[in-house]
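Step one of this worksheet: look at the structure below.
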2 protein chains.
Amino acid sequence: MTLSEQQLSLIEEFGIYQENNGFQPAVARVMGLLLVSDRAELTFDEISETLNISKSATSNALNMLLNTGHIEYTTFPGDRKRYFRIKSSNWRDLFGKKMEDLSHLNGLLKRVLEVRKRENPVYDAKLNDFISFLDFVKNRMPSLIDEWEKSKT
Amino acid sequence: MTLSEQQLSLIEEFGIYQENNGFQPAVARVMGLLLVSDRAELTFDEISETLNISKSATSNALNMLLNTGHIEYTTFPGDRKRYFRIKSSNWRDLFGKKMEDLSHLNGLLKRVLEVRKRENPVYDAKLNDFISFLDFVKNRMPSLIDEWEKSKT
DNA sequence: TCATTAGTTCATAATTTACAGAACTAAAAT
DNA sequence: ATTTTAGTTCTGTAAATTATGAACTAATGA
């Protein structure tokens, strides 16, 4: 498994991006490798050796990614190794997660308006405005996706 | 400064949400307090005492939030204290950040397609699809915001 | 002039996290 | 039967993060 300079630095950049999304460094690098490698499917040892991470870290990372549905694996007859790859369905899920996150935030903000008693309604109005904006975006999302599906053809 | 049970637990929940967005625990709690407290503006000591965090942690948190533009303060004549509050303009910025983040991701994914040489074009096609979806959402966002502004009146 | 207020800065302590290395297991191969 | 393969699990620990308390500063007040 030999990678170009560009591939190596892209793994790091994507890794940092995913660290900021709450993944452990090693886990984020494994995702990066599976994303940028020339072969879509890699074995345990290839991942461990290419990224220079221990077997335990590799095992931990792969199981974490399997459990969270970010990767999957295939096997081949007469070959005991598993071949790991990124779940391609996961791209849309990833976007869905961002939307869910905004939904979660919006739920919290709605509760904020319920529990606090502000003398000055200006602050409440601004917050209400933002809440309704998030609701609006959420509601329009399905039709937006629809619109995109049609534009593809 | 006395807070209801609901306010206290909402501070923690919002705090955890913001920890996941990369804020330090104490910083996230300060944001939560300023968000849910009945008074919009609180002093250094009120924040420190209500959250039970040391003066140094409070100082650090407030300066961090000031520097990142999340809070601001006012003062009153003959009163040396500063009164801190959440910047309300910040709500829209927060949404903007999420969109920028998706843009960043999309930039990385475009580079992925450039650097990897996949024998099987199926994976490339799926990724390309997602990239074009993110571009589509980004392009439609201004008109979506426009639509919302109009629907408000 | 001395005390108080409203913070800031620094050294350090307490957690937390992230990983390595070694020992282990279960199945397959020789 | 024992060796190899393909991992897993279990400590230990280095490093990073986060917060504390004490000492400090600069301005105001008595």
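Order of the sequence lines sets the chain letters (A, B, ...), proteins ahead of strands, with each chain counted from 1.
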task: Name every residue in residues 31-43 of chain B that has at least one heavy atom under 4.0 Å from any atom of DNA chain D, in order of residue number, or write none if there are no such residues.
output: none
- prompt: Can we say A:Arg82 and A:Glu72 salt-bridge, meaning some charged N sits less than 4.0 Å from an Asp/Glu carboxylate O?
  reply: no
message: A:Arg80: which residues meet the salt bridge (Lys or Arg N to Asp or Glu O under 4.0 Å) condition with it, sequence neighbours left out?
response: none
- request: Considering only NZ, NE, NH1 and NH2 on the basic side and carboxylate oxygens on the acidic side, decide whether B:Lys81 and B:Asp45 come within less than 4.0 Å.
  value: no
message: For A:Lys150, is there an ion pair with A:Asp146 - N to carboxylate O distance below 4.0 angstrom?
response: yes
- prompt: How are the rings of B:Trp148 and A:Phe136 set to each other: parallel, tilted or perpendicular (split at 30° and 60°)?
  reply: tilted
query: So, do A:Glu149 and A:Leu144 sit near enough that their side-chain heavy atoms are less than 4.5 Å apart?
result: no
query: Nucleotide range of DNA chain D contacted by chain B, 5' to 3', under 4.0 Å to a heavy atom?
result: D:dT18 to D:dT28
task: Determine, using the 4.5 Å side-chain heavy-atom cutoff (strictly less than), whether A:Ile86 and A:Tyr83 are members of one ILVMFWY cluster.
output: no
- request: State the CZ-CE distance between A:Arg39 and A:Met1, to the nearest 0.5 angstrom.
  value: 6.0 Å
field: NZ/B:Lys126: more than 12 non-hydrogen atoms of other groups inside 6.0 Å
entry: no
field: d(CG, B:Leu66; P, C:dT8) in whole Å
entry: 9 Å
- prompt: What does nucleotides 25-30 of chain C look like as a protein-contact string, B for base, S for sugar-phosphate only, - for none, at under 4.0 angstrom between heavy atoms?
  reply: --BS--
task: Can you check each nucleotide of nucleotides 16-21 of chain C against protein heavy atoms at under 4.0 Å and return B for base, S for sugar-phosphate only, - for none, in 5' to 3' order?
output: --SSBB
task: Name every residue in residues 70-77 of chain A that has at least one heavy atom under 4.0 Å from any atom of DNA chain D, in order of residue number, or write none if there are no such residues.
output: none
